[in-house]
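Working notes, beginning with the structure itself.
Lettering of chains follows the sequences in order, A, B, ..., and the numbering in each one begins at 1.
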Amino acid sequence: MPELPEVEVTRLSFADRIRGARVTGVRVGKPLRWPLGGNVDEMIGQRVGEVSRRGKYLWLALERGGLLMHLGMSGSLSFAPRVAEPGPHDHFDLVTARGTLRLTDPRRFGAVVWSDAADAPPASTLLAGLGIEPFDERFDGAHLHTALRRRRVSVKSALLGGEIVVGAGNIYACEALFEAGIDPRTRSDRISRPRADRLALAIRQTLARAVELGGSTLRNFRDAHGAAGEFQLDAKVYGRAGQPCLRCKTPIRRVVQNARATFFCPTCQKR
DNA sequence: AAGTGGACCTGCTAGC
DNA sequence: TGCTAGCAGGTCCACT
């Protein structure tokens, strides 16, 4: 589920509240994608520092080391002074004097990994190879064009890979390509510089708008306050197969690329 | 080497 | 109404 906007909305919804809180306990539920690693006792007594984001990962800094968190496909974080007894999908609790940060993740593709530092393994290993942040000023049409020319996959696959630019998953890759007027099946090395300019802008604008709208709640995404997102109501193509394009009325098409559903308007988006 | 497809795990929904 | 196949926001890994 969670793409960059959902992760950023989550971060913004609890970072200020948890900063400075002292860790008093840790509870681990069923196994997630990777083992927590390290010694739980190391975390007890430490103060929480900044919560930062890299791609779809969150880094929750402690005084010594920190936790790298990923929401996978179905994860969400909540932070509240009082929490209910953990349910069957609550797989990690970081208990602090100010409240409990809880990861709820039915499919368990998410993860919480202890690391000595964000630039030390295993965190550094997981973050290695990630592309540029879409809101980094160095991310522009020139950067995107150069990177796309080195690949021979579809432009949509190139975006989803996250090695060129992070953050756009299946929803926002589809939406950004619609905004840029580019057919998602176009080979990445055939994208001209002007189209790369438009695409870079579309990626940034789409992700920024999604953050403003609180992300997309298709099923179970909530921010740390429990609020749902509203971008899904604003999607132009994602999940709209067969429905008329909001711009030209042509029915939106659904195709499968790399085992992922892709939605696009065959009239507004050109190869 | 780069590209493709399967695997991970659970829940929900559309269709019979 | 009840069962089941198919599908879901991500990413790693094996194979070609």
> Any sub-3.5 Å donor-acceptor pair from R17(A)'s side-chain atoms to S13(A)'s backbone N or O?
Replying inline: yes
Whole angstroms only, please: what is the [atom1]-[atom2] distance between [X] and [N]?
X: L4(A); N: dG9(C); atom1: CG; atom2: C1'; result: 13 Å
X: N258(A); N: dC12(C); atom1: CG; atom2: P; result: 15 Å
X: L160(A); N: dG5(B); atom1: CG; atom2: P; result: 14 Å
X: L218(A); N: dG11(B); atom1: CG; atom2: C1'; result: 14 Å
X: L32(A); N: dC9(B); atom1: CG; atom2: C1'; result: 11 Å
X: M73(A); N: dC12(C); atom1: CE; atom2: C1'; result: 13 Å
X: M69(A); N: dG10(C); atom1: CE; atom2: P; result: 19 Å
X: E163(A); N: dT4(B); atom1: CD; atom2: P; result: 13 Å

Any side-chain N or O of [X] under 4.0 Å from OP1/OP2 of [N]?
X: H70(A); N: dG10(C); result: no
X: Y238(A); N: dG9(C); result: yes
X: H89(A); N: dG11(B); result: yes
X: R151(A); N: dT4(B); result: no
X: K30(A); N: dT10(B); result: yes

>> Under a 3.5 Å cutoff, is there a donor and acceptor pairing between the side chains of D105(A) and S74(A)?
In response: yes
>> With no hydrogens and no angle check, just 3.5 Å: does a side-chain donor-acceptor pair link D90(A) and T104(A)?
In response: yes
> List DNA chain C stems (3 or more consecutive Watson-Crick/G-U pairs, under 3.5 Å)?
Replying inline: B:2-8 with C:10-16, B:10-16 with C:2-8
>> Out of the candidates E3(A), Q257(A), K156(A), only one should pair with N170(A) under the side-chain hydrogen bond (donor to acceptor under 3.5 Å, both in side chains) rule; please name it.
In response: K156(A)
> Is E230(A) atom CD crowded by more than 12 heavy atoms from other residues, nucleotides or ligands, each under 6.0 Å away?
Replying inline: no
> More than 12 foreign heavy atoms under 6.0 Å from CZ of R152(A): is that the case here?
Replying inline: no
Just call it for [X]: base, sugar-phosphate, or nothing, with non-hydrogen atoms closer than 4.0 Å on any strand.
X: R260(A); value: base
X: S188(A); value: nothing
X: R150(A); value: nothing

Given [options], which nucleotide is nearest the side-chain atoms of [X]?
X: K56(A); options: dG11(B), dT11(C), dG9(C); result: dT11(C)
X: L126(A); options: dG9(C), dC12(C), dT4(B); result: dC12(C)
X: Y57(A); options: dG9(C), dG3(B), dT11(C); result: dT11(C)
X: R108(A); options: dA8(C), dC9(B), dG9(C); result: dC9(B)

> If each of R219(A) and R152(A) is mapped to the nucleotide of DNA chain B with the nearest heavy atom, which maps nearer the 5' terminus, i.e. the 5' end?
Replying inline: R152(A)
>> Check for me whether the distance between the ring centres of Y172(A) and F231(A) falls short of 6.0 Å.
In response: yes
> Under the salt bridge (charged side-chain N to carboxylate O under 4.0 Å, His left out) criterion, do E133(A) and R54(A) qualify, and how do the steps go?
Replying inline: CA-CA 8 Å; E133(A) 286 288 328; R54(A) 176 74 177 100; 2.9 Å; yes
> How long is the span from the CG atom in L77(A) to the CD atom in E6(A), to the nearest 0.5 Å?
Replying inline: 12.5 Å
Can you check the distance between [N] and [M], where both ends of the measurement are the [atom1] atom (answer in whole Å)?
N: dG6(C); M: dG6(B); atom1: P; result: 14 Å
N: dC7(C); M: dG5(B); atom1: P; result: 15 Å
N: dT11(C); M: dC12(B); atom1: P; result: 23 Å

> Quick one: the side chain of R107(A) and the base of dC9(B), do they pair up donor-acceptor inside 3.5 Å?
Replying inline: yes
>> At less than 3.5 Å, do the side-chain atoms of R33(A) and the base atoms of dT11(C) form a donor-acceptor pair?
In response: yes
> Does the side-chain ring of F109(A) sit on the six-membered ring of the dG10(C) base, less than 5.5 Å centre to centre and under 30° in tilt?
Replying inline: yes
